[in-house]
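First up is the structure itself, then whatever we jot down about it.
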Amino acid sequence: MGKSSIDKALTPEKFENLKTKKPPKNSVGFGGIKATLNQVSKYMNPADALKLSFKINQKGGFDCPGCAWPDPDDERSSLGEFCENGIKAIAEEAQNKTIGTDFFAKYAVDELASWTDFKIGKSGRLAEPMFLPEGATHYQPISWEDAFKKVGKHLNALNHPDEAVFYTSGRTTNEAAFLYQLFVREFGTANLPDCSNMCHEASGSALSETLGIGKGSVTLDDLYKAEVVMVVGQNPATNHPRMLTALEKTKKNGGKIIAVNPLPEAGLIKFTNPQNPIKLITGGTQIADVFVPININGDVAFFKAILLKLLEQEEIQGNVLDKEFIETHTSGYDAFISDLKRHSFDECLKASGVSKDIFKEVFDLILNNKKIIICWAMGLTQHENAVDNIRELVNLLLLKGSIGKEGAGTCPVRGHSNVQGDRTVGIWESAPQAFLDKIEAKYGFKPTTKHGYSVIDAIKAMYDKKAKVFFGLGGNFISAVPDTSYSAQALANCNLTVHVSTKLNRSHLVTGKEALILPCLGRTEKDYQKTGLQTQSVENSMGVISSTKGILEPCSEKLLSEVAVVCGIANATLKARSRVNWLTYRNDYNLVRDDIEEVVSGFENYNKRLKNPSGFYLPNGARVREFKTKTGKANFSINKLPEWQLKADELIMMTIRSHDQFNTTIYGLDDRYRGVFNERRVIFMNKEDMKVRHLKEHDVVNLKSEYNHTIRKANNFKVVGYDIPKNCCATYFPETNVLVPLDSFAHTAKTPASKSVKITIEKL
Ligand SMILES: Nc1nc2c(c(=O)[nH]1)N[C@H]1C(S)=C(S)[C@@H](COP(=O)(O)OP(=O)(O)OC[C@H]3O[C@@H](n4cnc5c(=O)[nH]c(N)nc54)[C@H](O)[C@@H]3O)O[C@H]1N2
Ligand SMILES: Nc1nc2c(c(=O)[nH]1)N[C@H]1C(S)=C(S)[C@@H](COP(=O)(O)OP(=O)(O)OC[C@H]3O[C@@H](n4cnc5c(=O)[nH]c(N)nc54)[C@H](O)[C@@H]3O)O[C@H]1N2
Ligand SMILES: [Mo]
């Protein structure tokens, strides 16, 4: 008997060998360079590494498969736009080890599942298509043609197209994403959940409603010119390292930085630019002028406290708010103010956990400046009231008229390198009607207008056997989603699970009755098709479209590009009933871009403009004060103070990234900036919370979450005393995803609330 799918889905609950040190205050510097060299020398061919490091994020080079932080429009460093975690991302992709028939013949699926995520990821690049027949213990090789036929057969056997789920992770390029959603819609469903559902969906939701565009409004240039930049719920030193270079520039121009975070994250406090050798020696720039140690989910309360004080000061001074902006460009001001006035400043400040002194420092900066940018990431989007978090920060920007002008606006910092582009070109389970109409006009079939499944809906549908085929274009679904045990059962209930992937991951091991692994080219690799070497394109966090072209030879001859895989499957599934000539697209990606230009607005002269070395900006209404909302104006919103009620023994837990991971890909076992080495099964706790529970450093504990009468458990974590507010704690994702309840998600956006999980701790 094999292991159950639930066992296979969980990361093994065993320890490595934890060492802790005092967390450093500084980020990057020599430590970063050392860590990078380590990673590269362990996993890459040195000639490839050198070649790649000069081309990463260069004009005409390839887009880093790491984060979505933009590249400077003008000058770029000749070293390549270097960042430690960018190099780790490419070292991971450009590994010189490959796995195929022999590897899968040697290791049964159950055995692979007993490995840690770190070990699974280090097995090498997937080199050929593999198939797991029903009841088999090992994957076997399969030809591409047979693999396509198998997918087509399963899809065509469904009672309704809605019984299939088509997931996307955010590395997929615009070209592959556009064709993929086109195939899915022609097949007859809108079941297009994506990683965005678990990431910035709450931002998209809040920003569309209030500002008429689901993306941020600022450019890099704005960031340099801002007077105040707030960095809220974000850990840039690890997750967007090049952002620190931009913030350094903001500071050089006289701007001030406010960091709002339960943890004193290293790079926020001090950053040594690796491109500046003098700074490497003399020490770095202090990034945050004010650090605000906020309670987990204290943000609405904190913003309300600022809003209340602004109002109070307006009544005294009369020149605090931008009245002209409010009158001309906004709607809902009166209702917003009367609701705001019902709150007490003291209560809000108390709920935020911020001291009066720190509040005053923040408030003075907001009061006395007019060009404010607010940046944020998962610390705001992964809560039940995530949409409120973002709507409330928009309220602040609106009061100050800090939107749609130089040096001011919204800056949701995106995760995956093309997550924003995927959505722009149609990966959306609830795409707007205007987009669907354009698809119909262009291709002559009527896409369904029914909304499809988001990630959470998809899991429930598979669990309830309403969906029977799971297809993943990239990503690692089982490790990324909440409620691991429930979700594993959901995948196991499917007839077929398919993953288009570069690397082996846990999702290949938690399978439906049958399973396929379809290996594809990565960003760093050359993509040869009939008409020659192909270029693809991506959109960064600030709405710039640019080209990306791999420079290494593919690691195996049996890889296909994502575009080729999508075309192959569409062809095998839809056959003669398709209105689309899939094979011509596969041969020439320029043709895909011609179609995107016709269907998606803002892509005029796409092929031509893509040749511009810096790419081109997509139109952005909020950037120019054209708010395409229902009222035609920027909308104030009314947001409730969250009512947190922790029981006496409960803590609120955020699940965060260590410095050595990219989402579910574990680069290494250290979290250097937090002083944690060689272990991921740790829980960061406030020392007083440890004391009342009689816990010492490195004691072993089990974690339990109880939600709507369901108990979820994760065992074996070592306690690390840390500078974190009382009643708050932190663990790493994905080890504790098993504790995140499926039904705890952001209202209206359905982003899993993986930053506010109530847990109790059991000492062993
Ligand atoms: N190297 C690397 N780069 C990455 C990734 C990666 O895993 N590794 N992931 C990519 C992806 S997909 C994404 S979405 C981004 C993620 O980038 P981040 O959002 O920076 O990632 P997290 O580790 O989830 O960090 C969330 C931060 O929010 C803080 N926080 C948690 N709860 C709260 C709260 O209630 N209020 C406030 N104010 N702060 C809070 C945490 O202390 C932490 O510093 O990074 C992208 N880039
Ligand atoms: N508890 C908790 N859960 C979370 C989060 C959290 O903060 N806490 N964060 C959430 C967020 S923000 C996100 S974005 C999701 C991430 O969810 P996903 O995007 O699903 O997960 P990743 O770990 O980024 O996916 C990694 C896999 O993608 C494949 N891959 C890499 N590059 C390519 C490529 O170029 N093409 C293809 N086809 N495949 C490729 C590799 O096989 C690799 O194993 O997780 C979410 N889950
Ligand atoms: Mo993300």
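Order of listing sets the numbers, starting from 1, for every ligand and every atom in it.
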Please check whether Val500 reaches ligand 2 - meaning an N/O of the residue sits under 3.5 Å from an N/O of the ligand, judged on distance alone.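 Val500 vs ligand 2: N/O contact under 3.5 Å present.
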Check whether any heavy atom of Arg523 sits under 4.0 Å from an atom of ligand 2.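 Distance cut 4.0 Å: Arg523 fails for ligand 2.
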Is the backbone N or O of Ile459 less than 3.5 Å from a side-chain atom of Tyr453, with the two atoms forming a donor-acceptor pair by type?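 Side chain of Tyr453 to backbone of Ile459, a donor-acceptor pair under 3.5 Å: no, none is there.
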Quick check on contacts: which atoms of ligand 2 are under 4.0 angstrom from a heavy atom of Tyr167?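 Ligand 2 atoms under the 4.0 Å threshold to Tyr167: 17 (O), 18 (P), 19 (O), 20 (O).
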Asn505 neighbourhood, listing ligand 2 atoms whose heavy-atom distance to it stays under 4.0 Å: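 Checking each atom against Asn505, I get 27 (C), 42 (O), 43 (C), 44 (O).
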Using the side chain to side chain donor-acceptor pair (under 3.5 Å) criterion, which residues pair with Asn385? Sequence neighbours excluded.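 Partners of Asn385 by the side chain to side chain donor-acceptor pair (under 3.5 Å) criterion, ordered by chain and then number, come out as Asn297.
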Passing option when Arg423 is tested against His200, Glu539, Glu201 for side-chain hydrogen bond (donor to acceptor under 3.5 Å, both in side chains):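 Only match with Arg423 under side-chain hydrogen bond (donor to acceptor under 3.5 Å, both in side chains): Glu201.
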Check whether the side chains of Trp376 and Ser203 place a donor and an acceptor atom closer than 3.5 Å, and report yes or no.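 Ser203 and Trp376 do have a side-chain donor-acceptor pair below 3.5 Å.
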Before accepting this row, confirm whether a basic side-chain N of the pair Arg171/Glu562 lies closer than 4.0 Å to the acidic partner's carboxylate O.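 No.
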Does a side-chain N-to-carboxylate-O contact under 4.0 Å join Lys640 and Asp388?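 No, no charged N to carboxylate O under 4.0 Å.
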From the options Lys503, Lys97, Arg125, Arg523, select the one residue that forms a salt bridge (charged side-chain N to carboxylate O under 4.0 Å, His left out) with Glu92.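 Between Glu92 and the candidates, salt bridge (charged side-chain N to carboxylate O under 4.0 Å, His left out) is satisfied uniquely by Lys503.
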Close residues, ligand 1: non-hydrogen atom nearer than 4.0 Å: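 Those residues closer than 4.0 Å to ligand 1 by some heavy atom are Cys67, Asn85, Cys199, Val232, Gly233, Gln234, Asn235, Thr238, Asn239, His240, Val260, Asn261, Pro262, Leu263, Glu265, Ile294, Ile296, Asn297, Asp299, Ala377, Met378, Gly379, His383, Gly415, His416, Met654, Ile656, Arg657, Gln661, Phe662, Asn663, Lys755.
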